[in-house]
Amino acid sequence: MAGQGSSQGFERVSIERLVAPLRAVLSIAIAAAEAEGWQLYLVGGGVRDLILAEGMVGLSDLDLVVDGVVGAGVKLAKALQERYPEVKLEIHGKFQTAALTWNGDPVLGDLSMDLATARTERYEYPAANPVVVASSIELDLFRRDFSVNAMALRLTSPGAGEVLDFYHGMEDLAARELRVLHDRSFVDDPTRIFRGARFAARFGFEFESRTRALFEAAIGSGIYEQSRAEHGKVPALQARLKSELKYIFQSPHWKSALRILIDLEALQCIHPSLNTRDCLDAAGLRRLWRSWCRMEVWMRDFGLGLGWQGMVEVLVASCARDEVNPAVELRLEAGAIDRLTQLPEIEAEILKSLQPGALPSQVYQVLRAYDEMSLILVAARSDDPWRCQIWKYLTQYRSVKPLLSGQDLKSLGYPAGKTFKLMLHQVLMATLDGVICDRDEAIGFCRTIGSPLTPNSGGT
Ligand code: CTP
């Protein structure tokens with residue numbers, strides 16, 4: 001860890017370890033805040049990452065808090081916009097949070113920066129969107145998810161470089177633990193457990209035991225279901241949860257994060273039908289996990305990039321049996337909801353038509369009627385041999401080309417016509433089944449398939 005103790009009892013962290021372009025951006029905000037007599041802080045993940053990392057640090061997301069008047073963030077953002085006229089500035093909500101975004105900047109690359117006045121939050125019901133009111137930096141930090149994300153690095157003088165650590169984040173970083181700041185944390189915001197799983201997977205942290213118990217108590221109490229039933233709109237279980245799933249599936253550590261969420265039984269936050277304990281026995285869970293692991297290998301080896309939305313669909317398909325409610329709750333796009341709605345029917349058709357031990361040509365003929373994503377979803381929730389057959393179709397059979405073309409048939413003397421298509425299809429099926437392996441065998445095969453068309457016969 002790169003934080004250093006100081007004689008005043010504060011931990012100190014130098015922003016000199018930030019890469020020069022970030023320091024240049026911060027220096028403008030710092031000068032503008034000091035001119036107004038405001039305190040400016042770097043907060044959240046940026047402080048955590050600066051403390052954890054050794055050497056120079058580049059961040060793509062900076063959260064700044066001003067201990068000043070409402071609208072102070074906007075004033076600082078405007079000072080930055082004068083220096084960087086190409087930056088995009090958005091102002092959110094009555095609380096006037098300013099968001100600056102640099103996209104593909106030649107020096108800064110992709111950088112986002114939030115500037116807000118210190119504020120605290122109140123949740124009117126579990127998993128609601130918070131109501132925000134102005135507060136001190138101490139309370140602003142208290143509204144956050146985990147102690148390791150609840151530290152503030154003072155950027156302005158006097159006292160620049162001091163880390164405000166009211167909730168013992170440094171200790172938890174050293175112990176590699178994720179600890180919530182108060183008992184209602186998960187009741188207020190269940191997305192925190194998803195964030196926690198992502199951090200745990202990324203940094204190799206563990207949930208502190210009480211934090212784990214608080215989550216288990218929250219989920220066991222049925223509070224989320226009650227909130228869904230009473231309020232209908234529960235953003236932390238819908239759109240905000242979808243964003244967290246996006247971050248998880250975009251991360252290289254997604255598989256570990258998912259494992260942590262399964263162990264915590266947290267997937268049922270998405271929907272009660274994803275309650276792994278009730279829906280799957282230990283053997284079922286092992287099977288599901290193996291299927292995920294294999295899928296990762298297939299995706300890597302065959303370049304099947306599903307993207308995060310595809311991965312969310314697979315998650316829903318592989319856990320939920322006969323319902324699409326999770327997809328609706330998560331506000332997935334209409335195409336995904338349609339696919340998941342039709343999935344049980346498609347799955348039943350495929351399982352009925354595909355016999356174990358079917359020839360590749362038979363597998364091809366059954367599966368070519370379906371789109372790629374639906375087949376991936378069926379594979380994700382099927383056992384062998386069906387899963388294997390689907391993956392072989394997706395990764396091998398569907399890209400096999402017939403060994404002869406229509407032009408070849410023509411030059412072999414077969415008169416052009418509708419039956420070309422049939423012959424080429426038969427050549428393809430024979431290729432898939434390994435009956436023919438090269439062009440000569442294909443020509444020989446055409447002579448033996450008993451087509452009414454034979455060279456120079458002119459038959460119909
Ligand atoms: N936060 C929170 N609860 C949430 C989302 C965010 O308390 N549901 C707080 C956290 O303290 C977090 C800060 O808001 O540190 C900023 O959020 P974000 O930028 O999403 O998180 P980072 O910690 O910066 O994570 P990352 O490293 O993934 O950017």
Side-chain angles (χ1 to χ4, degrees), residues 18 22 41-53 57-65 73 92-93 95 97-101 110-123 126-132 135 137-153 163-170 172-173 178-182 184-205 211 214-215 218 224 234-254 256-257 266 269 308:
L18 281 178
L22 289 183
Y41 301 93
L42 174 67
V43 295
V47 183
R48 175 200 67 212
D49 292 351
L50 202 49
I51 295 170
L52 279 178
V57 179
L59 300 169
S60 58
D61 179 12
L62 295 170
D63 283 314
L64 302 185
V65 167
H92 298 298
F95 212 69
T97 303
L100 290 169
T101 318
D110 292 335
L111 173 67
S112 52
M113 176 190 273
D114 279 352
L115 289 130
T117 303
R119 61 199 194 271
T120 192
E121 296 171 342
R122 185 162 48 78
Y123 293 80
N129 272 338
V131 178
V132 178
S135 78
I137 182 73
E138 185 170 354
L139 283 177
D140 184 292
L141 296 172
F142 189 62
R143 77 186 162 84
R144 289 164 189 273
D145 50 1
F146 300 103
S147 64
V148 294
N149 290 336
M151 294 179 277
L153 168 59
V163 176
L164 275 55
D165 180 17
F166 303 104
Y167 310 109
H168 308 287
M170 286 280 193
D172 290 332
L173 274 185
L178 293 164
R179 187 170 51 79
V180 288
L181 304 187
H182 58 87
R184 278 189 63 84
S185 191
F186 293 121
V187 174
D188 288 342
D189 185 355
T191 64
R192 287 177 173 158
I193 201 71
F194 287 74
R195 289 171 58 78
R198 179 160 56 88
F199 296 135
R202 176 172 158 200
F203 299 116
F205 287 1
T211 294
L214 285 170
F215 176 70
Y224 304 132
V234 270
L237 296 168
Q238 297 165 331
R240 279 180 27 222
L241 187 50
K242 180 167 80 170
S243 300
E244 285 308 328
L245 290 171
K246 170 180 163 180
Y247 294 133
I248 287 176
F249 284 122
Q250 284 179 336
S251 145
H253 310 288
W254 67 266
S256 313
C269 288
W308 69 270

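Just so you know, these numbers come straight off a predicted model, no measurement behind them. Both ligands and their constituent atoms are indexed starting at 1 by order of listing.
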Which of these, R240, R143, R144, sits in a salt bridge (charged side-chain N to carboxylate O under 4.0 Å, His left out) with D189? R240

Under 4.0 Å, heavy atoms only, figure out whether ligand 1 is touched by the backbone of D145, its side chain, both or neither.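 Both backbone and side chain.
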
Record the part of R202 in heavy-atom contact with ligand 1 below 4.0 Å; permitted values are side chain, backbone, both and neither. side chain

Using a strict cut-off of 4.0 Å, indicate which atoms of ligand 1 neighbour a heavy atom of [X].
X    : value
R144 : 7 (O), 9 (C), 11 (O), 13 (C), 14 (O)
T191 : 8 (N)
F199 : 23 (O), 25 (O)
R198 : 28 (O)
D189 : 3 (N), 4 (C), 8 (N)
D63  : 16 (C), 19 (O)
G44  : 15 (O)

With distance as the sole test, does [X] use its side chain to make a donor-acceptor pair with the main-chain N or O of [Y] at under 3.5 Å?
X    : Y    : value
D63  : G44  : no
T211 : V180 : yes
D140 : R119 : yes
Y167 : F146 : no

Measure the distance from [atom] to every protein heavy atom, then report the residue, atom name and distance (to 0.1 Å) of the closest one.
atom                    : result
atom 29 (O) of ligand 1 : D61 OD2, 3.5 Å
atom 3 (N) of ligand 1  : R192 NE, 3.6 Å
atom 17 (O) of ligand 1 : R195 NH2, 3.8 Å
atom 26 (P) of ligand 1 : R48 NH2, 3.9 Å

Check I248 against W254 and note the closest heavy-atom contact, atom names and distance. O-CB, 3.1 Å

Sequence-distant partners of R202, side chain to side chain donor-acceptor pair (under 3.5 Å), two or more places apart: D49

Side chain to side chain donor-acceptor pair (under 3.5 Å) involving S185 - partner list, sequence neighbours excluded: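 Here the qualifying residues are R192.
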
Are F205 and F199 an aromatic pair by the rule of ring centers under 6.0 Å?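 Aromatic pair excluded; centres sit 6.0 Å or further apart.
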
